[in-house]
Amino acid sequence: IYILDIAARTSRFITDDGFDPYFSADGNKIFFQSGSDDAQKAFKAYDLREHKTETIYTSKYANSFVPSPDNKWIAFTELFQVYIAPIIPSGRTAELSHESEANPIAKVTRDAGINLHWSADSKKLHWTLGDEYFTNSLKDRFTFLEGSRDSLPPVDTAGIKIGLILKSDKPTGLLALRGARIITMKGDEVIENGTVLIRDNRIEAIGATADVSIPKEAKVVDVTGKTIIPGIVDVHAHMGTFRQGLSPQKQWSYYANLAYGVTTTHDPSSNTEMVFSQSEMVKAGYMTGPRIFSTGWILYGADGDFKTVINNPEDARSAVYRTKAYGAFSVKSYNQPRREQRQQVITAARNLGIQVVPEGGSTYFMNLSQIIDGHTGIEHNLPIADLHDDVIQLWKNSKTGYTPTLIVSYGAAHGEYYWYQKTDVWANKHLLDFTPRSVIDPRSRRRTLIPDDEYERGFLEVSRSCKKLADAGVKVNLGAHGQLQGLGAHWELWMLQMGGMTNMQALRCATMNGAEYLGMSKEIGSLEKGKLADLVVLDKNPLENIRNSETVHYTMVNGRLFDAATLNEIGNYDRKRGRFFWENKGYNASFPWHENASGDDDQLH
């Protein structure tokens, strides 16, 4: 934290351990917070005259400490709920919690709140939840204040609708992709010489080239000899939005996924505020990326300052409701320890129209109970690889989906390491065009070598069980876990095929199965008239060799056509992407083997 003297244009260092600073009412102190997610939180004050730091409060679970302008009150969040307490000067550090008995503390939210801020007169606290804006007066939460009531009203459950309405991004015009082999994912249909006609953002016609009439005003893109598949759906995609603060103009992970044909992603664990705000910016056209969906914060059953305490149906309803309020259609039930807690989450989710994807932390019997209880799907593989008929029949009849994430196999060597060992990832130019070398090199240049039979008994054994489940009718999905943005989805696809699936089966896991899992099969997942125009144009046929899925030439998402080599938008538009931060001059100087180590400004597409 620094103080900037605006007149003198000089800065003064205050502390290297702090965030969210506020000046005190008299201007002689700076209040700030310290403590990371896994460390004890503290609310501190730095005295600008005595150059000393005082710790006012510590807390295990509280965060977002916000003092009132008159410094007489403090608002804070603890396990998603919002509380208010008076600041009582004592000269000693106090523990702050909603269970504290030393201070009077009032809860002002029923379900959750963020964006805490005070009125100028320090008499009211404001906050938001989803698209609603709430206000509460101190006199309505404490009985000892002047003007307070004898009995306090219940907390508000409905706020003022913020009402921010933006137009969804949608291109205009007609575009025809003519002459390609089309793997539609409508059953096993393959059109050998086909044409796709796109009007705005939807497929207007699809079929054999001889049967599709192309209007004169359409722009025609010749894709003769290439193969078109539906856009890849990654249903377990951690996209790098686990942080606070500002959103970048270009989230590189989104570009990397588009460059490899991933057009829909579902992140089953992320920072709620960051992931849903970016999802809406993509939808409105302010950011470029695939379709972004998420559970937001997980409903965590273990300890931590983001845990979700569920001891009764009302706790479960509140947890699911707050997630839905931010824009989620799914929640992640993560290691809630008791089965009744997990069932309460499912019941609340059904009542609110929300899907539930769980994680069992590599616990076999917990996974089986999750299948029996009717979860939407199982995230990550069962830690026992060779599944027998009892489990397969149970799974088949439950209608529960399966996202095995072979790339991070539980109970086995991760599939990710296989590809670092077998391929020169650090030399993949297409990958490096959309991924910082600082991400690629530490993972791939110094490789962990594992005997092949470890992989044989590892992710390949899990993959063979995926084949058994798929043959029995269980919907197996592709989930690349964010291990390597974009290319990781293809690794996951190839590993599904390596366990015995046909190339068509594996491609279905990457497209239609994922769309059905997310409840979106009426809009995406296959190439059919009336559906959204999400597709990938490949230079080679993945039915001949599944590794050909990597040969992405064009990616279309929501009717916008991108050149995969550059991520410039083409088709009916000519929009070049801007520079990534690592393309700035000198950024890669610490990587002397990098093709752009000098930071030559001209080395852009």
Side-chain angles (χ1 to χ4, degrees), residues 232-243 251 253-254 257 262-279 282 289-302 304 306-308 310 316 319-320 322-336 342 345-346 348-349 352-363 366-367 370-371 373-382 400-410 414 416 475-485 488-489 492 509-510 513-520:
I232 294 173
V233 180
D234 186 341
V235 304
H236 195 123
H238 299 302
M239 301 282 282
T241 50
F242 225 113
R243 64 179 188 277
Q251 178 83 23
S253 58
Y254 298 171
N257 277 280
V262 178
T263 57
T264 297
T265 61
H266 178 255
D267 190 333
S269 178
S270 190
N271 179 305
T272 293
E273 297 170 61
M274 185 62 71
V275 73
F276 289 119
S277 63
Q278 290 197 11
S279 171
V282 169
R291 302 179 189 278
I292 299 166
F293 304 100
S294 180
T295 63
W297 289 112
I298 57 177
L299 308 188
Y300 196 41
F306 59 96
K307 70 177 180 178
T308 300
I310 295 175
V320 175
R322 73 162 182 261
T323 308
K324 182 176 181 178
Y326 290 114
F329 62 75
S330 59
V331 294
K332 185 171 186 177
S333 179
Y334 195 131
N335 282 349
Q336 289 291 334
R342 303 193 292 272
V345 171
I346 288 178
L352 290 168
I354 292 288
Q355 298 176 356
V356 184
V357 295
E359 189 165 329
S362 192
T363 308
M366 183 186 288
N367 284 144
Q370 290 166 340
I371 295 170
D373 287 345
H375 285 80
T376 305
I378 299 297
E379 302 295 301
H380 293 294
N381 65 290
L382 268 61
T400 296
Y402 188 30
T403 310
T405 63
L406 302 171
I407 203 166
V408 288
S409 298
Y410 279 148
H414 291 354
E416 177 182 13
K475 294 294 174 62
V476 179
N477 315 304
L478 181 147
H481 201 254
Q483 296 304 109
L484 194 65
Q485 302 294 341
E492 188 73 14
C509 294
N513 284 6
E516 291 177 344
Y517 188 60
L518 299 178
M520 299 180 185

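Here the structure is a predicted model, which means the values were calculated and not measured.
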Using a 4.5 Å cut-off on heavy atoms from C-beta on, say whether the side chain of Met366 contacts that of Arg342.
yes
Any donor-acceptor N/O pair, Ser330 side chain to Val356 backbone, under 3.5 Å
no
Any donor-acceptor pair under 3.5 Å from Glu492 side chain to Ile407 backbone
yes
Polar side-chain atom of Ser409 near backbone of Leu406 as donor-acceptor pair, under 3.5 Å:
yes
To the nearest 0.5 Å, how far apart are CG in Leu299 and CG in Asn335?
12.0 Å
Pairwise distance CD(Glu416) to CG(Leu484) - rounded to 0.5 angstrom
7.0 Å
Validation row, ring centre Phe242 to ring centre Trp297 under 6.0 Å:
yes
Quickly, which of His414, His266, His238 forms a ring-ring contact (aromatic ring centres under 6.0 Å, His included) with His481? Name it, please.
His238
Counting only N and O atoms by type, is there a donor-acceptor contact under 3.5 Å from the side chain of Ser294 to the main-chain atoms of Asp267?
yes
The single option from Phe293, Phe276, Tyr517 that satisfies ring-ring contact (aromatic ring centres under 6.0 Å, His included) with Phe329 is Phe293
Could you point out which residue of His380, Gln370, Gln336 forms a side-chain contact (heavy atoms from CB on, under 4.5 Å) with Glu359?
His380
Full working for side chain to side chain contact (heavy atoms under 4.5 Å, CB included) between Leu478 and Val235
CA-CA 6 Å; Leu478 181 147; Val235 304; over 6 Å; no
Donor-acceptor under 3.5 Å (Ser253 side chain, Met239 main chain):
yes
Atom pair CG (Asn381) and OG1 (Thr403), whose distance is rounded to the nearest 0.5 Å:
11.0 Å
Roughly how far, to the nearest 0.5 Å, is the OG1 atom of Thr405 from the CG atom of Asn477?
11.0 Å
Under-4.0 Å salt bridge between Lys332 and Glu379
no
Kindly say whether Val275 contributes a backbone atom to a donor-acceptor pair with the side chain of Ser279 at under 3.5 angstrom?
no
Is there a donor-acceptor pair closer than 3.5 Å between any side-chain N or O of Asn513 and the backbone N or O of Val476?
yes
Does either side chain, that of Thr265 or that of Asp234, offer a donor lying less than 3.5 Å from an acceptor on the other one?
no
Rounded to the nearest 0.5 Å, the OH atom of Tyr254 sits from the OG1 atom of Thr241 at a distance of 5.0 Å
Quick check: does any side chain N or O of Tyr402 sit under 3.5 Å from a backbone N or O of Leu382, one acting as donor and the other as acceptor?
yes
Side chain to side chain donor-acceptor pair (under 3.5 Å) involving Thr263 - partner list, sequence neighbours excluded
none
